[in-house]
Amino acid sequence: MLKIYNTLAREKQVFTPIIAGKVSMYVCGMTVYDYCHLGHARVMVVFDMVSRWLRVSGYAVKYVRNITDIDDKIIKRANENKETIAQLTQRFIHAMDEDSVQLGVIRPDIEPKATDFIEGMIGMISALVEKGFAYAADNGDVFYAVKNFDGYGKLSGKSLEDLRAGERVEVDTHKKDPMDFVLWKSVKPNEPSWDSPWGKGRPGWHIECSAMSSHHLGERFDIHGGGQDLQFPHHENEIAQSEAAHSHDGKSCQMVNYWMHNGFVRVDDEKMSKSLGNFFTIRTVLEKYDAEVVRFFILRAHYRSPLNYSDQHLDDAKLALTRLYTALRGHHMVSAEAIDWQHAQAARFKAALDDDFNTPEAMAVLFDLANEVNKTKSVAVAALLRNLAAILGLLQRDANEFLQGVGQVSNIQSNAVEMNQPFDSDVIDRKILERIAAKKAKNFAEADHIRKALAEAGIILEDTPQGTTWRRA
RNA sequence: GGCACGAUAGCAAAGCGGUUAUGCCGCGGCCUGCAAAGCCGUUUAGACCAGUUCGACUCUGGUUCGUGCCUCCA
């Protein structure tokens with residue numbers, strides 16, 4: 001029985017889908033004006049894990065993750081770069097796709113773009129105006145009248161009074177209430193615009209998600225996710241828009257049953273963000289660390305906890321993942337067979353993920369299984385380890401491929417290249433043969449010398465009854 | 001200022017009202033020509049102060065500290 005921490009209720013709740021056997025899930029995706037950073041990676045990986053677990057649990061999942069391809073920052077950046085908005089957004093959508101593939105993220109079922117939904121947004125704004133939840137100001141902007149929506153603040157736990165008291169924004173004189181937010185912005189010079197009943201303009205930020213989620217998932221759906229920072233105002237405003245627009249006879253229709261928010265990635269105990277400038281892009285990190293290590297690092301913490309980024313933590317994650325792959329060495333990939341959920345560890349794994357997606361506990365199961373594989377050499381346990389890890393999107397490579405760093409560049413390896421010592425596998429194999437010969441001749445000094453030389457290039461040799469193997473540090 | 005969340009061993013990170021979390025590091029042993037890997041064992045916990053309880057890291061209250069949101073942000 002799956003339980004999910006519902007931000008709306010501030011507690012874990014038993015998950016009951018609207019339609020038995022089906023799950024509709026919407027996640028706020030990226031605004032594509034720059035490369036994705038680790039914070040974005042966390043959203044992608046976390047909700048990828050969530051969708052995988054829902055599917056393994058037997059649900060038919062419809063997973064929608066939007067792309068925001070029109071907003072202030074996009075317009076600004078395109079102007080700075082002297083390129084069109086389409087050129088800019090295409091470029092970064094492509095980069096985002098590359099990053100997510102690297103991180104083992106399965107594509108969402110639908111990735112709607114805001115600019116493809118202008119009509120739907122205009123329709124929704126019109127409905128809001130008709131129902132008295134929105135008004136057009138004399139400058140052509142259309143605002144949402146927050147005080148007309150009873151439940152405003154229910155997601156973020158804020159009251160309108162508190163919000164007004166803490167008001168730090170410059171008051172827009174066109175607004176009736178400082179807390180009102182914009183649905184439609186009137187056109188400005190050098191900005192793209194679309195025709196609307198209120199004149200040329202472009203949509204505000206929040207309306208796109210309301211329009212796209214209801215179009216693809218209906219007026220009411222099961223799960224809505226995103227980063228913690230979207231809780232307010234973005235998600236609060238989505239609720240206000242959707243529930244008011246879909247109200248019938250003055251009765252509002254609940255938009256989302258379960259709201260999920262993932263915690264931040266931090267640097268030096270501070271939120272990683274564009275505005276603070278302390279962010280690391282995914283591709284920067286991938287220059288130094290294997291993508292699976294990054295994925296492992298993300299899933300090693302519970303999705304709602306803060307996740308502190310540092311090289312030390314990535315190094316630690318790499319060593320931990322190495323332990324798992326080491327246990328799988330010699331156990332070749334098996335075709336994914338059905339998992340025996342009666343198995344004690346499998347049951348523990350399931351219980352962990354059913355408990356609000358407790359991936360750290362699920363990981364502990366993987367390590368216990370690795371220990372069992374090391375002790376018993378059981379092929380069945382190794383297969384179970386692999387199949388459970390697959391649910392987290394981990395351990396799907398050949399063990400030696402990971403351990404020997406195929407397709408990745410480690411620091412030490414690049415140093416070796418700089419020293420004109422390309423330690424490719426052929427060279428390593430030859431050195432190993434030389435060392436075996438030395439060992440046979442009882443020339444241990446020579447054998448140790450060879451091993452030491454390789455070690456300095458980051459190649460660790462391991463003698464086993466089956467022969468000598470190697471891996472990269 | 002308002003609201004919310006958190007504080008676990010050297011580092012990271014979970015569960016749990018009483019029974020080994022887990023990973024990395026450290027230490028001892030086994031194994032090894034020596035290593036590495038692995039296995040076995042092991043040292044470091046639960047911010048502070050009260051309360052509830054036979055018993056609290058786990059529940060309740062308070063204190064302190066930290067982070068986040070209140071403005072674009074995953």
Among C70(B), A4(B), C40(B), find the nucleotide with the atom closest to the side chain of Arg10(A).
-> A4(B)

Could you measure between the two C1' atoms, the one in U8(B) and the one in C65(B), and give it in whole Å?
-> 16 Å

Pick base, sugar-phosphate or nothing for Asp448(A), based on heavy-atom distances below 4.0 Å to the nucleic acid.
-> base

So what does Phe232(A) touch, heavy atoms closer than 4.0 Å: a base, only the sugar-phosphate, or nothing?
-> sugar-phosphate

So what does Asp316(A) touch, heavy atoms closer than 4.0 Å: a base, only the sugar-phosphate, or nothing?
-> base

Pick base, sugar-phosphate or nothing for Gly29(A), based on heavy-atom distances below 4.0 Å to the nucleic acid.
-> sugar-phosphate

Which part of the nucleic acid, if any, lies within contact of Asp463(A), taking any heavy atom under 4.0 Å across all strands shown: a base, the sugar-phosphate backbone alone, or nothing?
-> base

Among the candidates C3(B), A37(B), A12(B), find the nucleotide nearest to the side-chain atoms of Arg471(A).
-> A37(B)

Inter-nucleotide P distance (A74(B), G15(B)), Å rounded = 28 Å

Out of G23(B), G15(B), A36(B), which has the shortest distance to the side chain of Ala320(A)?
-> G23(B)

Classify the nucleic acid contact of Met272(A) as base, sugar-phosphate or nothing, counting any heavy atom under 4.0 Å across all strands shown.
-> base

Do the charged groups of Asp448(A) and Lys439(A) touch, with an N to O distance under 4.0 Å?
-> no

Given Phe15(A) and Tyr258(A), is the ring-ring contact (aromatic ring centres under 6.0 Å, His included) satisfied, shown in steps?
-> CA-CA 8 Å; Phe15(A) 176 70; Tyr258(A) 301 88; 5.0 Å; yes

Answer with base, sugar-phosphate or nothing: what part of the nucleic acid does Thr326(A) contact at a heavy-atom distance below 4.0 Å?
-> sugar-phosphate

Apply side chain to side chain donor-acceptor pair (under 3.5 Å) to Gln90(A) and His94(A), showing your working.
-> CA-CA 6 Å; Gln90(A) 271 311 310; His94(A) 182 68; over 6 Å; no

Given A21(B), C34(B), G23(B), the nucleotide with the shortest approach to the side chain of Arg451(A) = C34(B)

Base, sugar-phosphate, or nothing for Asn262(A), non-hydrogen atoms under 4.0 angstrom?
-> base

Look at Asn374(A) and C39(B) and indicate whether a side-chain polar atom (N or O) is within less than 4.0 Å of OP1 or OP2.
-> yes

Report the residue (Asp229(A) or Asn308(A)) whose heavy-atom-nearest nucleotide on RNA chain B is the more 5′ of the two.
-> Asn308(A)

Heavy atoms under 4.0 Å, any strand shown: does Asp368(A) hit a base, just sugar-phosphate, or nothing?
-> sugar-phosphate

Check every strand shown and say whether Lys158(A) touches a base, only sugar-phosphate, or nothing at a heavy-atom separation below 4.0 Å.
-> base

Determine: side-chain N/O of Lys271(A) to OP1/OP2 of A74(B), distance under 4.0 Å, yes or no.
-> no

Consider only side-chain N and O atoms of Asn66(A) and Thr68(A), and report whether a donor and an acceptor are under 3.5 Å apart.
-> yes

Return the orientation label for the His224(A) and His235(A) ring planes: parallel under 30°, perpendicular over 60°, tilted otherwise.
-> perpendicular

Please list, chain by chain and in numerical order, all residues satisfying ring-ring contact (aromatic ring centres under 6.0 Å, His included) with Phe280(A), sequence neighbours excluded.
-> Tyr309(A)

Under 4.0 angstrom, heavy atoms only, what part of the nucleic acid is His302(A) near: base, sugar-phosphate, or nothing?
-> sugar-phosphate

Aromatic ring centroids of Phe181(A) and Phe143(A) under 6.0 Å?
-> no

Can you tell me how far P in U43(B) sits from the matching atom in G10(B), rounded to whole Å?
-> 14 Å

Under 3.5 Å donor-acceptor pair, Arg300(A) side-chain atoms to A13(B) base atoms = no

Separation of Arg164(A) atom CZ from C70(B) atom P, in whole Å?
-> 17 Å

Is the phosphate of C40(B), meaning OP1 or OP2, less than 4.0 Å from a side-chain N or O of Asn371(A)?
-> yes

Pick base, sugar-phosphate or nothing for Lys439(A), based on heavy-atom distances below 4.0 Å to the nucleic acid.
-> base

P gap between A56(B) and C69(B), integer Å | 38 Å

Take atom P in G29(B) and the same atom in C34(B), then report the distance between them in whole Å.
-> 14 Å

C1' gap between U32(B) and A47(B), integer Å = 46 Å

In whole Å, what separates the P atom of G46(B) from that of U58(B)?
-> 11 Å

From the options A74(B), G23(B), G33(B), select the nucleotide whose nearest atom is closest to the side chain of Arg435(A).
-> G33(B)

With heavy atoms under 4.0 Å as the rule, sort Ala364(A) into base, sugar-phosphate or nothing.
-> base

Taking only N and O in the side chain of Arg323(A), is any of them less than 4.0 Å away from OP1 or OP2 of C39(B)?
-> yes

Under 4.0 Å between any heavy atoms, over every strand shown, what does Val265(A) touch: base, sugar-phosphate, or nothing? Just pick one.
-> base

Within this structure, what is the CH2-to-C1' distance between Trp259(A) and A74(B), rounded to whole angstrom?
-> 14 Å

Answer with yes or no whether Asp355(A) presents, from its side chain, a donor or acceptor under 3.5 Å of a partner atom in the base of G15(B).
-> no

Interatomic distance at C1', U44(B) relative to U20(B), whole Å | 16 Å

Any chance you could lay out the side-chain contact (heavy atoms from CB on, under 4.5 Å) test for Val182(A) and Val142(A), step after step, and finish with the verdict?
-> CA-CA 6 Å; Val182(A) 69; Val142(A) 181; over 6 Å; no

Options G38(B), U67(B), A74(B), nucleotide nearest the side-chain atoms of Arg266(A) | U67(B)

From the list A74(B), G2(B), G33(B), which nucleotide is the closest neighbour of the side chain of Thr31(A)?
-> A74(B)

Can you find a side chain N or O atom of Thr464(A) that sits less than 4.0 Å from OP1 or OP2 on G38(B)?
-> no

